[in-house]
Amino acid sequence: MALHIRHQVLEQILAQARRDHPLETCGIVSSAPGSTVASRLVPMRNQAASETFFQFDSREQFRVFRELAERDEACRVIYHSHTASEAYPSREDIEYAHSPEAHYLIVSTWDAARVPVRSFRLCNGSMTEESISILE
Amino acid sequence: MSILVVVPTLLRPLTNGEKRVSAQGSSVAEVIDHLEGQFPGIKAKLVHGDRVHRFVNVYINEDDIRFADGLDTPVKAGDTLTVLPAVAGG
């Protein structure tokens, strides 16, 4: 199943990744009740503040996920950046992925990256790439 | 003392699919031990040695127990213990 995401949201993710470079950036995109389109951006603080790792701030994560539940929204996308490698899941990305229902979007701010944005399903140690459908 | 425990999707196979379960105890460690008695195997998913797993977040009400007293954090009747997998990667 393809990821359906708003063009403006994708642009905001890329801008955030460029701004945070060389540190990894991260966040989520939610969808409105009954919709599968990733439409509301929620940038998150990278608690690891690292060039090679990201981790949501646990207290911010709690607040954001509670707000999603209150708004009846779904966490559609979990995104992060790679700043010195391709937009492709690392071993840790696969190992620590616990949301089989989410699209894992990876953006690369590495100069040599062949494709700057890719989306994957990560589940039980396996990985499947999917297409990205960009909506106005 | 009855504590409401909110179980993430990932651990629900251990709680017979239940999202909310109740447990007893006066500290987080006691609540987890009581959970283990009801749902064998759940403790190993939450705790490593005397600490919560690095990539598991445990909250009492809204507070991450890492910023309180960890597994020794006291709990009282009516509190909610929420487990969320950390969101992390490389």
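We name chains A, B, ... by the order of the sequence lines, and we start the count at 1 in each one.
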Quiz item: In terms of heavy-atom pairs under 4.5 Å with chain B, which of Glu24(A), Met44(A), Glu95(A), Glu101(A) leads?
Solution: Glu24(A)
Quiz item: Can you get from Leu10(A) to Ile28(A) by hopping between Ile, Leu, Val, Met, Phe, Trp and Tyr side chains that sit under 4.5 Å apart?
Solution: no
Quiz item: Does atom CD of Glu11(A) have more than 12 heavy-atom neighbours from other groups under 6.0 Å away?
Solution: yes
Quiz prompt | Residues Glu62(B), Arg66(A): salt bridge by 4.0 Å N-O rule | solution = yes
Quiz item: Phe62(A) and side chain to side chain contact (heavy atoms under 4.5 Å, CB included): which partner among Asn61(B), Thr82(B), Asp63(B)?
Solution: Thr82(B)
Exercise. Could you tell me whether a side-chain N or O of His80(A) sits under 3.5 Å from a main-chain N or O of Gly90(B), the two making a donor and an acceptor?
Key: yes
Quiz item: Is it true that atom CZ of Phe65(A) has more than 12 heavy atoms of other residues, nucleotides or ligands lying nearer than 6.0 Å?
Solution: yes
Quiz item: Between Pro85(B) and Gln61(A), which heavy-atom pair has the shortest distance, and what is it?
Solution: O-NE2, 3.0 Å
Quiz item: Do Leu68(A) and Phe56(A) share a hydrophobic cluster, counting only Ile, Leu, Val, Met, Phe, Trp and Tyr and linking them when any side-chain heavy atoms are less than 4.5 Å apart?
Solution: yes
Practice problem: Please answer: with hydrophobic residues joined when any side-chain heavy atoms are less than 4.5 Å apart, are Ile13(A) and Val64(A) in the same cluster? | Solution: no
Quiz item: What about Ile94(A) and Leu10(B), same hydrophobic cluster or not, with Ile/Leu/Val/Met/Phe/Trp/Tyr joined at side-chain heavy-atom distances under 4.5 Å?
Solution: no
Quiz item: Can you name the closest pair of heavy atoms from Ser58(A) and Phe67(B) and give their distance?
Solution: OG-CE1, 3.8 Å
Quiz item: Looking at side-chain heavy atoms only, is the closest gap between Tyr96(A) and Val87(B) below 4.5 Å?
Solution: no
Quiz item: Got a second to check how far Phe55(B)'s CZ is from Gln55(A)'s CD, nearest 0.5 Å?
Solution: 5.5 Å
